[in-house]
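What you see below is based on every heavy atom in this structure, not just the backbone, and it leaves out hydrogens, waters and symmetry mates.
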Amino acid sequence: QVQLLESGGGLVQAGGSLRLSCVASGRIFSSYAMGWFRQAPGKEREFVAAINWNGGRTTYADSVKDRFTISRDHAKNTGYLQMNMLKPEDTATYSCGVKQVVPAEFPESIITGAMAYRGKGTLVTVSS
């Protein structure tokens, strides 16, 4: 089992920054690819960013490319999502998820597939 706990959400003005954290406990976090997702009120969950098991490969949704950065620290069993130049349309509950993914299936398996484990999320609100 892997338990995931997100933190770092909050209220920020447009143009501001936040860094979300996803702390993993339980089994070997370092062997899992990780993804960040978000869900705005009344909308479906959407993919935001993904990182492979060793941090060597990343991918982003077009809507956040060049503004968000995904990273991970195996020593701390933690993944991060640095969000810069935030916009009101970024308002959503952000959650992280992990799963084992073979190299040939990254990042598609993260973008389109169910995660093996997922956190409950942290709310990000961007005011205009």
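- The other members of the hydrophobic cluster of Val101, by chain and number, are Phe37, Phe47, Phe106, Ile110, Ile111, Met115 (side-chain heavy atoms under 4.5 Å, ILVMFWY only).
- In terms of heavy atoms, Thr91 sits closest to Val126 at OG1-N, 2.9 Å.
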For the pair Leu86 and Leu18, evaluate side chain to side chain contact (heavy atoms under 4.5 Å, CB included) and give the outcome as yes or no after the intermediate values.
CA-CA 8 Å; Leu86 283 161; Leu18 285 174; 4.2 Å; yes
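- Lys43 meets the side chain to side chain donor-acceptor pair (under 3.5 Å) test with no other residue; sequence neighbours excluded.
- Cluster membership check: Tyr117 shares its hydrophobic cluster with Leu20, using side-chain heavy-atom separations under 4.5 Å among Ile, Leu, Val, Met, Phe, Trp and Tyr.
- Within the structure, the disulfide bond (SG atoms under 2.5 Å apart) test picks out no pair touching residues 29-61 (sequence neighbours left out).
- Within the structure, disulfide bond (SG atoms under 2.5 Å apart) pairs that include any residue of residues 58-128 comprise Cys22-Cys96 (at least two apart or interchain).
- Figure legend: cation-pi geometry between Arg72 and Tyr32 absent, as NZ or CZ is not positioned both under 6.0 Å from the six-membered ring centre and within 45° of its axis.
- Of all the heavy atoms in Gly119 and Ser95, the pair that sits closest is O-CB, 3.8 Å.
- Tyr60 has its side chain out of reach of Val48: every pair of non-hydrogen atoms, C-beta onward, lies at least 4.5 Å apart.
- Listed by first then second residue, pairs satisfying side chain to side chain donor-acceptor pair (under 3.5 Å) with a partner in residues 4-21 read Ser17-Asn84, not counting sequence neighbours.
- The side-chain heavy atoms of Tyr80 and Ile70, taken from C-beta on, include no pair separated by under 4.5 Å.
- When all heavy atoms of Gly79 and Met34 are compared, the pair lying nearest together is CA-CE, 3.5 Å.
- Applying the side chain to side chain donor-acceptor pair (under 3.5 Å) test to every pair with at least one member in residues 119-128, sequence neighbours left out, gives no pairs at all.
- Residues in residues 87-103 take part in these salt bridge (charged side-chain N to carboxylate O under 4.0 Å, His left out) pairs, two or more places apart or across chains: Arg38-Asp90, Arg67-Asp90.
- Side-chain atoms of Thr78 come within 3.5 Å of backbone atoms of Lys76 as a donor-acceptor pair (strictly under, hydrogens ignored).
- Under the salt bridge (Lys or Arg N to Asp or Glu O under 4.0 Å) criterion, Asp66 pairs with no residue at all, not counting sequence neighbours.
- Within the structure, no pair that satisfies the disulfide bond (SG atoms under 2.5 Å apart) test touches residues 40-76, not counting sequence neighbours.
- Identified under the disulfide bond (SG atoms under 2.5 Å apart) test for residues 55-95, with sequence neighbours left out: none.
- With a 4.5 Å cut-off on side-chain heavy atoms, Leu81 and Thr69 do not count as touching.
- Hydrophobic side-chain contacts under 4.5 Å tie Trp53 to no other Ile, Leu, Val, Met, Phe, Trp or Tyr residue.
- The side-chain contact (heavy atoms from CB on, under 4.5 Å) search around Gln39 returns Arg45, not counting sequence neighbours.
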